[in-house]
Q: 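A single structure is presented below for examination.
Counting convention: from 1, in listed order, for ligands and their atoms alike. Computed from a predicted structure; not experimentally measured. Position 1 is the first residue of the sequence, and the numbers go up from there.
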Amino acid sequence: MKEKIDLLGAGLIGSLLAIYLKKRGLDVSIYEKRKDWRQVNATGEGRSINMALSYRGWKALEKAGIKDKVLPHIQPMHGRRIHDEHGNTYFQPYGKENQAIYSISRNSFNKILLDEAEALGANLHFEHKVERVNVGDREVTFSLADGATKSIQTEVLIGSDGAYSSLRNAFQSQLRFNFNQQYISHGYKELSIPPTPEGEFAMDPNALHIWPRGKFMLIALPNQDKSFTCTLFLPFEGYKVSFENIHDDQDILQIFKTHFNDAQALMPTLIRDFNSNPTSALINTECYPWTENNTLLIGDAAHAMVPFYGQGMNCGFEDCFILDGLLEKYGTFSWDLVFQKFQKGRKPDTDAICQLAMDNFVEMSDNVADPKFLIRKKIEARLYELYPKEWVPLYSMVTFSDMKYSEAYTIGKIQEKVMDQVMSDPLITQNWDRLDYEDILHKVEVAGAV
Ligand SMILES: Cc1cc2nc3c(=O)[nH]c(=O)nc-3n(C[C@H](O)[C@H](O)[C@H](O)COP(=O)(O)OP(=O)(O)OC[C@H]3O[C@@H](n4cnc5c(N)ncnc54)[C@H](O)[C@@H]3O)c2cc1C
């Protein structure tokens, strides 16, 4: 008889994990609170509707044998296109010439993964909202669409039910469970830029567009239908430009005219989008342990991060890749061992990427527009060009490699210290391309990052 395993949540991570587990020959069931959105034209319930997929995500998709099905749905972005307040734009490549991150619609991506899990034989149970989990008895109680409740007893249970995980809630009543959550000062709202009347992209289709304005920013990612999905990040309160100070359509127009004039010209549905889309909060959660009595937290349920490194989903996919590697090594009959190894090995890395995601908000909203920051990036790019093995920029280590996040974090800190020294030269803006680059590398070597 096939071994049974139950997953809570059919989001991106639960769906990919189901594929991996089916391929290991298990009897997989997924319980999801939403309706089957693959039949209706759902919009993702106010969540970001396109995502940036990068190397770690691709690697996990490839191992699951699903990469080829995803490829036709992506739009490459080779760098950031910065929009200043006067409507000028500047392109900053993300990495080397052929390196890119890939924009993909959250809904179609989730559908591809879930269709594949179903085709492999996973049992999908929609409109099953987890109400309660008893970790000791491994009993899960659901409420169903008709108001009835239903309970199941499980052998092995994985919570892939996102940042507000019900399994994690149940862990909170366990002894010595640590949990930290932090809402940041900013929230976000989704807006859109449609294709031009000629049916073309209204802006450069191969970039992630950013309008950095210090305490707030707008970003836009291209979609395959030649539209862009924009996300406006604003503080909830405490600043002149904040959600609390937007009372009517005039306020919306005023902010856009003053700060995002070139974008506004391309947003005929701005007012409607602003008023009809929810204002959502951004949360960082960290917890430990992730496992108890043959149950496990994975993806956002274990580590929800703010979206400023574009890694939440990629990191969750990497979780699946690593868990599958452990199942390959230890088999599917020693779940406790596999789950223990998984949490021990993975926790330092998810802590590191949660921290990096927090730190990157400052870089995206403020620094990218600072001329000194641009010089700093040029110096780092030159170092990467001259010493491609010895100096890999932090962004590249996170986005274009599968180096452990914790290792990338440590190396990044050393690089940052050395670059702070380099940038402290008052003449750096004139001298940056005449620097002794070998000496900079030597400093990094001395500090132990190479
Ligand atoms: C604005 C924004 C932009 C982002 N951009 C990126 C990006 O560009 N790149 C990137 O890598 N990451 C990005 N992320 C992060 C990414 O969205 C998450 O890391 C990813 O969706 C996590 O997937 P998950 O399956 O763990 O959780 P979720 O996607 O939240 O899925 C959880 C699933 O569980 C279900 N569920 C929840 N509660 C219950 C319950 N009680 N009972 C039953 N089912 C339940 C939900 O309906 C859902 O289907 C972004 C996040 C935000 C907020």
Side-chain angles (χ1 to χ4, degrees), residues 6-18 30-38 42 44-58 60-61 74 77 101-107 109-111 113-114 124-133 140-144 150 158-170 183-184 186-190 208 219 221 229-233 277-285 297-320 350 353-354 357 360-361 364 398-399:
D6 296 301
L7 309 187
L8 307 177
L12 292 161
I13 309 309
S15 305
L16 180 64
L17 186 58
I30 316 184
Y31 297 87
E32 165 61 49
K33 71 176 176 185
R34 290 181 282 166
K35 268 199 187 118
D36 188 351
W37 67 94
R38 296 171 301 168
E45 295 180 348
R47 303 286 311 275
S48 167
I49 62 163
N50 52 9
M51 323 281 300
L53 176 63
S54 53
Y55 182 76
R56 292 167 204 267
W58 278 123
L61 294 171
I74 54 167
M77 301 180 289
I101 58 176
Y102 299 87
S103 175
I104 180 163
S105 139
R106 179 194 282 272
N107 274 329
F109 199 8
N110 208 159
K111 180 177 180 318
L113 298 177
L114 207 48
L124 310 185
H125 304 271
F126 292 97
E127 299 184 85
H128 277 63
K129 178 169 187 275
V130 182
E131 294 294 346
R132 211 170 39 257
V133 184
V140 187
T141 305
F142 303 95
S143 59
L144 310 180
K150 164 178 160 186
I158 299 190
S160 49
D161 50 346
Y164 302 94
S165 166
S166 51
L167 179 59
R168 195 190 60 221
N169 284 344
Y183 282 102
I184 62 165
H186 287 60
Y188 70 96
K189 191 177 281 282
E190 266 146 28
L208 189 155
I219 67 170
L221 275 74
T229 300
C230 308
T231 312
L232 174 67
F233 295 95
N277 291 341
T279 303
S280 305
L282 293 166
I283 195 170
N284 180 76
T285 68
L297 301 170
I298 199 164
D300 273 19
H303 46 71
M305 63 197 75
V306 292
F308 305 113
Y309 230 112
Q311 284 293 309
M313 167 192 71
N314 288 288
C315 174
F317 283 175
E318 195 175 54
D319 285 354
C320 299
T350 61
I353 187 61
C354 283
N360 214 38
F361 179 57
M364 281 179 84
V398 169
T399 309

Q: Kindly assign one of parallel, tilted or perpendicular to the pair Y31 and F142, based on the angle between their ring planes and the thresholds 30° and 60°.
A: parallel
Q: Do any nitrogen or oxygen atoms of A52 lie less than 3.5 angstrom from nitrogen or oxygen atoms of ligand 1?
A: yes
Q: Of the listed options (I283, I101, V306, V130), which comes nearest to atom 41 (N) of ligand 1 when hydrogens are ignored and any heavy atom counts?
A: V130
Q: Under 4.0 Å from a heavy atom of R34: which atoms of ligand 1 are those, numbered in the order shown and with their elements?
A: 47 (O), 48 (C), 49 (O)
Q: Nearest heavy atom to atom 28 (P) of ligand 1 wins, so pick from G162, G312, A301, C315.
A: G162
Q: Kindly give the heavy-atom pair with the smallest separation between G14 and I30, and that separation in Å.
A: O-CD1, 4.2 Å
Q: According to side chain to side chain contact (heavy atoms under 4.5 Å, CB included), who are the partners of Y164, at least two apart in sequence or on a separate chain?
A: Y183, I283
Q: Within the 4.0 Å heavy-atom shell around L12, which atoms of ligand 1 are there?
A: 21 (O), 25 (O)
Q: Please say whether G299 places an N or O atom under 3.5 Å from an N or O atom belonging to ligand 1.
A: no
Q: Any idea which of M313, R106, E190, K33 brings a heavy atom closest to atom 29 (O) of ligand 1?
A: R106
Q: Where the side chain of D319 meets the backbone of G299, is there a donor-acceptor pair that is under 3.5 Å apart?
A: yes
Q: Any idea which of R56, R132, E32 brings a heavy atom closest to atom 46 (C) of ligand 1?
A: E32
Q: My understanding is that only residues two or more places apart in sequence, or in another chain, count here; which of them pass side chain to side chain contact (heavy atoms under 4.5 Å, CB included) with H186?
A: I184, P235, F361
Q: Where on Y188 is there a heavy atom closer than 4.0 Å to ligand 1, on the side chain, on the backbone, on both, or on neither?
A: side chain
Q: Give yes if a backbone or side-chain nitrogen or oxygen of I13 is under 3.5 Å from a nitrogen or oxygen of ligand 1, and no if not.
A: yes
Q: May I ask you to decide if F308's main-chain N or O and N360's side chain share a donor-acceptor pair within less than 3.5 Å?
A: yes
Q: Using a 4.0 Å cut-off to any heavy atom of G9, which atoms of ligand 1 qualify?
A: 33 (C), 34 (O), 35 (C)
Q: For K129, counting its heavy atoms only, list the atoms of ligand 1 lying under 4.0 Å from any of them.
A: 42 (N)
Q: Answer whether the closest heavy-atom distance between the side chains of F317 and W58 falls below 4.5 Å.
A: no
Q: Atom 19 (O) of ligand 1: which of T229, D300, L208 has the nearest heavy atom?
A: D300
Q: Assess S160 for proximity to ligand 1: is some non-hydrogen atom of it under 4.0 Å away?
A: yes
Q: Taking all non-hydrogen atoms of both residues, which atom of H303 and which atom of C315 are closest, and how far apart?
A: CE1-SG, 3.5 Å
Q: Does L124 reach the side chain of R38, with side-chain heavy atoms less than 4.5 Å apart?
A: yes
Q: Any donor and acceptor pair, going by atom type alone, linking the side chain of E318 with main-chain N or O of R56 inside 3.5 Å?
A: no
Q: May I ask you to list the atoms of ligand 1 that are less than 4.0 angstrom from any heavy atom of P307?
A: 2 (C), 3 (C), 4 (C), 50 (C), 51 (C), 52 (C)
Q: Can you sort out which atoms of ligand 1 are near N314, meaning under 4.0 Å from one of its heavy atoms?
A: 10 (C), 11 (O)
Q: Under 4.0 Å from a heavy atom of H128: give me the atoms of ligand 1 that qualify, with their elements.
A: 42 (N), 43 (C)
Q: Before signing off on this row, confirm whether T231 and ligand 1 have an N or O atom pair separated by under 3.5 Å.
A: no
Q: Would you name the heavy atoms of G159 and A301 that are closest together and state the gap between them?
A: O-CB, 3.4 Å
